[in-house]
Amino acid sequence: MLAVAQLPMADEVTAVFVDEAPRIDGYLHDAVWNTVEPVDEFTQIWPDDGSQPTEASEVRIAYDRDNLYFAFRFWDQNPELIRAKNLERGGRNDRDDHAYIALDTYVDGRNAYLFEVNALGTQDDATITDEGLTIDSFSWNAVFRSETVIDSLGWTMEVSIPFRQLRFPKGEDLTFGLMISRMINRKNERVIWPHIGLDFAAGSNTGSFGALAAVSQYGRLHGLKNIRRGKNIEIKPYVISGIQEIRSDLAFDVVERDFTRDLGVDFKYGITSNLTLDLSVNTDFAQVEADNVQLNLTRFNLFFPEKREFFLERSGLFEHGNARSTQTFFSRRIGLSRRILAGGRLTGQVGRFSLGLLNIETGDEMGDLLGSKSINNTVARIRAEVFERATVGAIFTGFQSSTRENYATGVDAQYRFWTASEFNAWFATVSDSNDDKNREAGHVSLRIQNDRYGGQASFTSVGRDYSPALGFVRRHDMREWAVAAQYTPVVDIAWWPAVNRLSFRSELSYVEGQDGRKQSMEADASAGVAFNRRDGVSLTLTRQFERLERSFFIRPNVEIPSGDYTFSEFGVMGRTDSSRRLYGMFGVSTGQFYHGTRHDMWGQGGFRQSQYLQLEGGVNHSIIDLPVDNGRFGATTLTASILTAVSRKLFAKALIQYDNFTRDLQTNIRIDWIHTPGSDLFLVFNTAHHFAGDHEMLFDPRRDVLFRDRLGVAKLTYLILL
């Protein structure tokens, strides 16, 4: 194992062994906590990096052979102002007062487990991979206990983390990396132990989120001896039943009705302390939330993020390429058009190496498994630590069907240095049984970054026919050069004390084809103001050139002809703190668009009525006027969501969406009852209606609103721990 930077003694703490486990109820009355010295040397990281916190915090750490225990006392001079409204597990805890616990169990300075709990005890969790933390990282679902109490002094929290949920090296005397953070939401203040400078947050205007992933800067948790690892076996069977009605031709009679009754199982086995095997048979994702509606006003493919838990867990390990642009592996290629019959994943760490292997068989029905009609999807990934904060890796993806074989092979290297600076490079090549065309892509970039200054330069090349069957490529046949610079100074304006910092950013990209012919060029400049309470406003100016070698249809009846186009756009965006009772964000922009004009308006807002009811809504509207046939039109999407909760174990969410391109009104209702930890009962209802009329003055819903399809599903899971 490679050594990481030596930390001062102040950044070390020793856990205390206890014979009798504390009762996890949020009250710190257990006698054991009186025997544990608290960690109380927290430091503010945002908004005033390095300053003393405005509220005191303490944490005590103990353990027995099966669990790691934390007891927190968070003082607050105004406990009635503590923000605590989210009861949805995995929901928006960032809008509440909350705390993080991060554990680097291998002390490799790269990877960690992250546990999040808000002031109501609502949980979320994530895996940090190679000091990277994104929204997708929070897909990991650990089984741990947490309880909180809000009292006259602030709030208290107790957490119990089973060792069986973690992977760590062999040995009887262990040390973990440790980071603890508290967010005082109404003040937009984050405090942290040990102190990790804002430089490691890469200039994020949220102030500190990026610093949570700076695993190389964590403190040390000593004293873990003779702990039990358990058998590390988890079995989660499921049963599902439902009905779907579909009308494909918009007639009044139901065309098709399909009943579903099925069984499946997920199996997790800790082969060693370092390697975990996940198996899934007859996998079903009926409980996954619906995609957000997007309207495509470009000639490139839209990106829809992955939402399925099986693929999101440890997804950071399998990343290769440019995210959302040129990904060697994109899991949504698997199991959407054909069901997942069976699949397995092996992940873990052996010495300096992080390993990942994914193999999934897809087909139309279980009888296709391993037959000529099934499709095999394989991904193999390895990353190696070469020295401190430097990683090299390789990836292989394979798609095999009876008519086609497609294989992608790639390598990559990453080096983080100073604080948030980074060098990144990757290369991939694809072979396909159907042809032998140019199928290569690569990228190299250098970013110099701290909390105030930043600069970046990059080069990306994508071959004309580069198309990994299990990947995502937004744009083919291109070579892109890009440079960017930013300046985000902290300011203290006497006549405007609410301002925290300013931000200035500029970016220039130039794209040509593999033949050297210019395709695109874009220059952006922006300026913004960030306030102390997460409010902000920004201005943007864009100048863009596009060369269309061939025409494309922006709508089925609107064709943009080939040619050269140059256009400019100016925009304004504002936002308010989303943790407030009422919050919102808006944006407007106007400019030229393919020899015509385009005006965009969008807005989102929400109302956090209580912990039991939260409402959100949004609208995106574009007015396009082009000098072509049918060139004047509007593009509109409307969304509304309703989140209701009875408790941390029972909550529901409804998502309603409409767009004027398809004229479909879609509703997705998802109810989740966590009947035991790690086990759920999901009830899902989907409906879709089509507005067939032409928006006449005399609108008749009996005639113009036609039912398209609806779905009702119940899925029951039960977690068995051995």
Side-chain angles (χ1 to χ4, degrees), residues 4-5 7-13 15 37-61 70-76 82-83 93-94 96-104 107 109-119 124-126 128 131-133 137-138 154-157 159 161 176-221 416 419-420 450-452 490 500-501 532 534 579:
V4 296
L7 297 166
M9 293 299 293
D11 292 342
E12 299 183 359
V13 62
E37 286 294 320
V39 175
D40 57 6
E41 297 179 353
F42 286 79
T43 307
Q44 189 178 146
I45 183 175
W46 186 269
D48 192 3
D49 187 23
S51 298
Q52 290 297 310
T54 62
E55 308 285 357
S57 304
E58 285 186 356
V59 58
R60 292 171 167 84
I61 307 172
F70 294 84
F72 296 84
R73 160 53 76 181
F74 296 132
W75 277 274
D76 197 309
I82 292 173
R83 291 180 176 172
N93 280 343
D94 62 306
D96 292 336
D97 284 39
H98 60 273
Y100 284 109
I101 302 167
L103 298 171
D104 174 10
V107 200
R110 288 170 167 80
N111 309 294
Y113 300 96
L114 188 67
F115 301 87
E116 179 188 37
V117 184
N118 75 353
D124 202 359
D125 29 55
I128 299 172
E131 293 195 281
L133 183 62
S137 304
F138 284 84
W155 60 292
T156 57
M157 177 172 72
V159 176
I161 301 174
F176 290 171
L178 176 66
M179 184 280 300
I180 300 168
S181 174
R182 173 195 181 185
M183 186 70 180
I184 308 169
N185 215 297
R186 71 182 183 278
K187 299 181 180 182
N188 192 22
E189 178 181 333
R190 188 180 298 282
V191 301
I192 197 168
W193 181 95
H195 177 60
I196 300 175
L198 194 59
D199 284 357
F200 289 90
S204 169
N205 61 13
T206 60
S208 54
F209 187 76
L212 302 177
V215 184
S216 60
Q217 305 303 304
Y218 285 6
R220 296 292 177 264
L221 174 63
R416 290 186 172 89
T419 53
N450 60 27
D451 67 314
R452 182 166 299 186
V490 177
N500 179 273
R501 65 171 51 199
N532 289 324
R534 286 195 297 275
S579 68

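What you see is a predicted model; the values in this text were computed from it and never measured.
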Visitor: What pairs with Glu131 under salt bridge (Lys or Arg N to Asp or Glu O under 4.0 Å), at least two apart in sequence or on another chain?
Guide: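 With neighbours one apart ignored, the set is Arg389.
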Visitor: Looking at every non-hydrogen atom in both residues, tell me the closest pair between Gly219 and Pro194 and how far apart they are.
Guide: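 Of all heavy-atom pairs spanning Gly219 and Pro194, the closest is N-CG, 3.3 Å.
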Visitor: By side-chain contact (heavy atoms from CB on, under 4.5 Å), which residues pair with Glu55, not counting sequence neighbours?
Guide: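 Testing Glu55 for side-chain contact (heavy atoms from CB on, under 4.5 Å), a comparison that skips the adjacent residues, returns Asp76, Gln77, Arg182, Ile184, Arg186, Lys187.
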Visitor: If every non-hydrogen atom of Trp75 is compared with every non-hydrogen atom of Ser57, which pair is closest and at what distance?
Guide: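 Heavy-atom minimum between the residues: CE3-N, 4.3 Å.
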Visitor: Using the salt bridge (Lys or Arg N to Asp or Glu O under 4.0 Å) criterion, which residues pair with Arg60? Sequence neighbours excluded.
Guide: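 Applying salt bridge (Lys or Arg N to Asp or Glu O under 4.0 Å) to Arg60 gives Glu58.
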Visitor: Report the distance from atom CH2 of Trp155 to atom CZ of Phe72, rounding to the nearest 0.5 Å.
Guide: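 So the CH2 of Trp155 and the CZ of Phe72 are separated by 8.0 Å.
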Visitor: Of the non-hydrogen atoms in Ala102 and Tyr218, which two are nearest, and what is the gap between them?
Guide: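 Heavy atoms only, the tightest pair is CB-OH, 3.5 Å.
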Visitor: Evaluate the side-chain proximity of Val13 to Trp193: yes if any heavy-atom separation is below 4.5 Å, no if none is.
Guide: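 SC-SC contact between Trp193 and Val13 confirmed.
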Visitor: Looking at CZ of Arg220 and CG of Asp11, how far apart are the two atoms once the value is rounded to the nearest 0.5 Å?
Guide: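 One gets 9.0 Å once the value is rounded to the nearest 0.5 Å.
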Visitor: Just wondering, do Met179 and Val215 contact through their side chains at under 4.5 Å, heavy atoms?
Guide: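 No - every pair of side-chain heavy atoms lies 4.5 Å or more apart.
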Visitor: Using side-chain contact (heavy atoms from CB on, under 4.5 Å) as the criterion, list what pairs up with Asp48, not counting sequence neighbours.
Guide: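 Expected list: Gln44, Ser51.
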Visitor: Would you call Asp451 and Arg501 a side-chain contact if the rule is heavy atoms closer than 4.5 Å?
Guide: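 Answer yes - side chains close enough.
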Visitor: Taking only residues two or more places apart in sequence or in another chain, which ones pass ring-ring contact (aromatic ring centres under 6.0 Å, His included) with Phe115?
Guide: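 Counting only residues at least two positions away or on another chain, Phe115 forms a ring-ring contact (aromatic ring centres under 6.0 Å, His included) with Trp140, Phe144.
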Visitor: Could you go through Leu103 and Leu178, starting from their C-alpha distance and side-chain angles, then the distance that decides it, and tell me whether this counts as side-chain contact (heavy atoms from CB on, under 4.5 Å)?
Guide: CA-CA 5 Å; Leu103 298 171; Leu178 176 66; 3.7 Å; yes
Visitor: Rounded to the nearest 0.5 Å, what's the gap from CD1 on Ile196 to CG on Leu212? Could you check?
Guide: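 These two atoms lie 7.5 Å from each other.
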Visitor: How are the rings of Tyr100 and His98 set relative to one another: parallel (under 30°), tilted (30 to 60°) or perpendicular (over 60°)?
Guide: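 Aromatic pair Tyr100/His98 classed perpendicular.
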Visitor: Over all heavy atoms of both residues, which pair between Val159 and Met157 is shortest? Give the atoms and the distance, please.
Guide: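 Looks like CG2-CG, 3.9 Å.
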Visitor: Which residues pass the side-chain hydrogen bond (donor to acceptor under 3.5 Å, both in side chains) test with Asp104, sequence neighbours left out?
Guide: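 In terms of side-chain hydrogen bond (donor to acceptor under 3.5 Å, both in side chains), with neighbours along the sequence ignored, Asp104 is linked to no residue.
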Visitor: Can you list the residues that meet the side-chain contact (heavy atoms from CB on, under 4.5 Å) rule with Asn500, with sequence neighbours excluded?
Guide: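 For Asn500, the residues satisfying side-chain contact (heavy atoms from CB on, under 4.5 Å) (neighbours in sequence not counted) are Trp46, Pro47, Asn532.
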Visitor: Measure the CG-CZ distance between Leu133 and Phe138 for me, rounded to the nearest 0.5 Å.
Guide: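 It is 5.0 Å, given to the nearest 0.5 Å.
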Visitor: List in chain and number order the residues that pass side-chain contact (heavy atoms from CB on, under 4.5 Å) with Ser579, two or more places apart in sequence or in another chain; answer none if no residue qualifies.
Guide: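 For Ser579, the residues satisfying side-chain contact (heavy atoms from CB on, under 4.5 Å) (neighbours in sequence not counted) are Arg83, Arg95, Asn185, Arg534, Asp577, Arg608.
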Visitor: When rounded to the nearest 0.5 angstrom, what is the spacing between CG in Asn118 and CD1 in Ile82?
Guide: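 Taking CG in Asn118 and CD1 in Ile82, the distance rounds to 11.0 Å.
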Visitor: Going by the rule side-chain hydrogen bond (donor to acceptor under 3.5 Å, both in side chains), which residues pair with Asp125 if we only count those two or more places apart in sequence or in a different chain?
Guide: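 Asp125: side-chain hydrogen bond (donor to acceptor under 3.5 Å, both in side chains) contacts with Arg89.
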Visitor: Rounded to the nearest 0.5 Å, what separation is found between the CG atom of Asp124 and the CG atom of Asn93?
Guide: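 Going from CG on Asp124 over to CG on Asn93, the span is 6.0 Å.
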Visitor: Walk me through whether Val39 and Ile180 qualify under side-chain contact (heavy atoms from CB on, under 4.5 Å).
Guide: CA-CA 10 Å; Val39 175; Ile180 300 168; 5.6 Å; no
Visitor: For Glu189, enumerate each residue passing the side-chain hydrogen bond (donor to acceptor under 3.5 Å, both in side chains) test, keeping only those at least two apart in sequence or located in another chain.
Guide: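 If we apply the side-chain hydrogen bond (donor to acceptor under 3.5 Å, both in side chains) test to Glu189, skipping adjacent residues, the hits are Thr54.
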Visitor: Applying ring-ring contact (aromatic ring centres under 6.0 Å, His included), can you list everything that pairs with Phe42, at least two apart in sequence or on another chain?
Guide: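 With sequence neighbours excluded, Phe42 shows a ring-ring contact (aromatic ring centres under 6.0 Å, His included) to no residue whatsoever.
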Visitor: Can you sort out the partners of Arg73 under side-chain hydrogen bond (donor to acceptor under 3.5 Å, both in side chains), two or more places apart, ordered by chain and number?
Guide: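 Applying side-chain hydrogen bond (donor to acceptor under 3.5 Å, both in side chains) to Arg73 gives Asp151.
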Visitor: For Val191, is there any backbone N or O sitting under 3.5 Å from a side-chain donor or acceptor partner on Ser181?
Guide: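 Yes: the side chain of Ser181 pairs with the backbone of Val191.
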Visitor: Considering non-hydrogen atoms only, spot the tightest contact between Ala211 and Gly197 and give its length.
Guide: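 Closest approach of Ala211 to Gly197: CB-O, 4.4 Å.
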